[in-house]
Amino acid sequence: MTIEKTLYQAEARVTGGRDGRVTSSDKQLDLQLAMPKALGGPGGDGTNPEQLFAAGYSACFLSALKLVAGQAKVKLSEETHINAKVAIGPDGQGFGLAVTLAVTLPGLDEDDAQALVDKAHEVCPYSNATRGNIPVELEVYV
């Protein structure tokens, strides 16, 4: 899959790897990185790539959900939210990721909620990027 036209392009620079710093070219993002204790690091102040991926995927997926809900003329509750989990672990010779998106859609019936989540999963760029590459589990709550 390729994009037809670039609408926006983000740029970030990392120094120091998992124990470094990440900054965006527009300076809107400037975060200390820290290796989690679970991965053999000291933990402490700082975020990590898995947290950043969870934040990005859930934000993008919620936007896709709003898009498909609008197309279906379904009003989403202000309480609609997504809790993303990004797991990392050994995968053969390297490491792999697995994602769980817990999507909460209060006020909708289960079938309608599931249909919207399934459609959002078809259009979300993060879903399209991960499809067939890493496991992504969708949990739907109403």
For Met35, is there any backbone N or O sitting under 3.5 Å from a side-chain donor or acceptor partner on Asp19? yes
Between Val140 and Ala113, the two heavy atoms sitting closest are CG1-CB, 3.7 Å
Establish, from distance only, whether the side-chain atoms of Gln28 and Ser24 form a donor-acceptor pair under 3.5 Å. no
Mind checking whether Tyr126 and Ile3 sit in one hydrophobic cluster, side chains of I, L, V, M, F, W, Y counted as touching below 4.5 Å? no
Just checking, is any N or O donor in the side chain of Tyr57 or Ser127 under 3.5 Å from an acceptor N or O on the other one? yes
Is there a side-chain contact between Lys85 and Glu137, using heavy atoms and a 4.5 Å cut-off? no
State, yes or no, whether a side-chain contact exists between Pro49 and Arg18 at a heavy-atom distance under 4.5 Å. yes
Does the side chain of Leu105 come within less than 4.5 Å of Leu65's, by heavy atoms? yes
Test Val136 against Phe61 for side-chain contact (heavy atoms from CB on, under 4.5 Å), laying out the working first. CA-CA 12 Å; Val136 176; Phe61 197 90; over 6 Å; no
Is Leu116 reachable from Val142 through a run of hydrophobic residues whose side-chain heavy atoms are each under 4.5 Å from the next? no
Could you work out the complete set of other residues in the hydrophobic cluster of Leu52, with links drawn between I, L, V, M, F, W and Y side chains under 4.5 Å apart? Val14, Val22, Leu29, Leu31, Leu33
Is it true that, when you exclude Asp45 itself, more than 12 heavy atoms of the residues, nucleotides or ligands shown sit nearer than 6.0 Å to its CG? no
Mark yes or no for whether Gln32, through its side chain, and Gly20, through its backbone, hold a donor-acceptor pair below 3.5 Å. yes
In the structure I gave you, are the side-chain heavy atoms of Thr80 and Thr104 within less than 4.5 Å of one another anywhere? no
